[in-house]
Amino acid sequence: MMNLELSEQEVIRRQSLEELRKLGINPYPAEEFETNTNSQEILSKYDADKNNFQDVSIAGRIMSRRIMGNASFIELQDDKGKIQIYVKRDNLCPDEDKTLYNTVFKKLLDIGDIIGIKGNVFITKVGETSINATELKLLSKSIKPLPVVKEKDGKIYDAFSDAEQRYRQRHLDLIVNPSTKETFVKRTKLTNSMREFLNNKGYLEVETPILQPLYGGAAARPFKTFHNTLGQTLYLRIANELYLKRLIVGGFDGVYEFAKDFRNEGMSRFHNPEFTQMELYVAYKDYNWMMDLVEEMVEKIAIDIHGTTKVKVGEHEIDFKRPWKRYTMFEVIQEFTGIDISMMNEKELAETAKNLDMEIDETMGKGKLIDEIFGEKCESKLIQPTFITDYPIEMSPLAKKHRSKDGLVERFETICNGKEICNAYSELNDPIDQRERFEQQLILGKRGDEEAMVLDEDFLKAIEYGMPPTAGLGIGIDRLSMIMTNSPSIQDVLFFPQMRPEKKVQKDDPAKYIAIGIPEEWVPVVQKSGYLTLESMRDVNPGALHQKLCGTNKKHKMGLKNPSQDDVKKWIEIINK
RNA sequence: GACUCAGUAGCUCAGCAGGUAGAGCACAUCCCUUUUAAGGAUGGGGUCCAGGGUUCGAGCCCCUGCUGGGUCACCA
């Protein structure tokens, strides 16, 4: 009997599975299949004159098949790429028994199956380096057909491109779209390169709590959870800043963490509810020093990934070569608007913003207005990596007051491709000042600012013991990855971006059908005919239903004995009772 | 959250002026036998996202919802 839930191709593959078993072939063998090379190595190092690679063992997934009489070609894809396998009947089956070729290979294997191949490398008439298979072993049977993508001269045909499917079924995306794999390899190179850089400087990689009794270190709304044993509300961290600073207080001079942070806010091309930041704190340094470090580090990353400081991103070429431009906030605003706002008071700033066609409201203070003008008129125009320094104090409750400029803090952000990629301060280590800044945040919070920071008594206590002057940095790994991989969306650099869960179709349990007298074997037929719930059958015409059911039975060659019209009528009567 | 576009075969996509649902690849059967996104022939495969409405008749028109993309807003 056919399984009505499955597509025709799935049914055929399951049948193949059974036939393989009948032939004594385990479609899911347990033992190791030892490989001694991979596609990339063969393609780059095979040399016909040297006659190397004459005893290779390789494993991977069948991506295409061109089957002919007694000689066929398949494309095998492994971790590193694709290579063509030449399968000739008499090479694979030198003996009388040709079952492995005629039946197993030709009939029972499919695109998507994972196989092991042993053989020797040669170059075909057409000039393609290939493996002549002398052994073929099924390693895992695929019972769901893969999207089929073809490619010629770098041109992709029938691409698997539906964004929803690519994100929800990332495994398929990875199998079928080599560029997806490349993106994630680059992302890992990026973090490896950064980690190597920081380790070489002697900084210590640490881990700090993700579940925090208070959330701090950034302005954002948190995810809230509950610990049963402690009977306590906990928050997923929005940042790890306050914990890393405690470690600086504790006497580490340089600590860093690659941190997954969580923010309960909107999602977009640039925002995922969980994202990765690298935060670094170094004692006895200031923000000027940190700018030098960022330049050096990101330049190295670009070279490690691309072999050059120049990276193509969308329509732009971004050059990470040091030194990068540095502007103060006031300078950059003057550059892009022609207006010097450095001496303006709140009223004048509001006036200026209005003249620049910006929407403002009364609640905006001086700092917010400056930030808005920058965000609106400058940020998106900064394509090459650029440091913006000296932010208004209102926006930065954890940054040290500027050594010489009133009303500002020692803070910089790095803007690249029109987006912020890092944020850094000379960290505030004056405990009295810090307390006052928190208190100002509390006032904001009471006024309804949901992102205002909460006062962390434990943290204050820690820095009261004395925190050395410290430079701190947060760098957005996802955003930097987007730039380094030329990805337009954050979803492209996260293996499993957050998605709304797929809604399941509502379906009644078979028992409910059986309870009203429908024979068990008819339940799938009824559901296949479109009646997924008993309720949906309430108002149907019994005659029509009878016809439909018999039709489904016939169409799908179920071979069931049709119910009588009376039977069907009775079912509906029961439902309507 | 707002606006906007989209959802049709396993995959990529057509479909019109409302009139029996199409192509290529994939799949099956047969022929060919060193091919390169595609050798040839034949064939099977659809809840046209869901639910309502208009209509003699809806994949198409209208309404509601679901899911996704894009832009904007909050934000990194």
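What's counted below: heavy atoms across the whole structure, side chains too, no hydrogens, waters or symmetry copies. Order of the sequence lines fixes the chain letters, A, B, ..., with proteins taken first and strands second; residue numbering starts at 1 for each chain.
The listed nucleotides are B:G44, B:U36, B:G70; the one nearest the side chain of A:E8 is B:G44. Nearest to the side chain of A:A163, among B:U12, B:G69, B:G10, sits B:G69. Here the side chain of A:D162 is nearest to one of B:U12, B:U36, B:U34, namely B:U12.
Rounded to whole Å, the P atom of B:G46 lies 32 Å from the corresponding atom of B:C5. For the C1' atoms, the distance from B:C30 to B:G68 is 43 Å, rounded to whole Å. As rounded to the nearest Å, B:A38 and B:G24 have P atoms that lie 15 Å from one another. A distance of about 40 Å separates the P atoms of B:C66 and B:A28, rounded to the whole Å.
If you check the side chains of A:E19 and A:S16, you find no donor sitting under 3.5 Å from an acceptor.
Taking the centre and axis of the six-membered ring of A:Y101, the NZ or CZ atom of A:K106 falls outside the cone set by 45° and 6.0 Å. Remark: A:R411 is not positioned above the aromatic ring of A:Y425, lacking an NZ or CZ atom under 6.0 angstrom from the ring centre and at most 45 degrees off the axis.
Between A:N132 atom CG and B:U35 atom C1' the separation is 15 Å, expressed in whole Å.
Contacts of A:M267 with the nucleic acid, taken as non-hydrogen atoms under 4.0 Å apart, include base atoms.
In terms of heavy atoms, A:A133 sits closest to A:I85 at CB-CG2, 3.9 Å.
Nucleotide B:C30 has B:G40 as its partner under the Watson-Crick or G-U criteria, with both atom distances under 3.5 Å.
A sub-4.0 Å separation between OP1 or OP2 of B:G69 and a side-chain N or O of A:Q491 is present.
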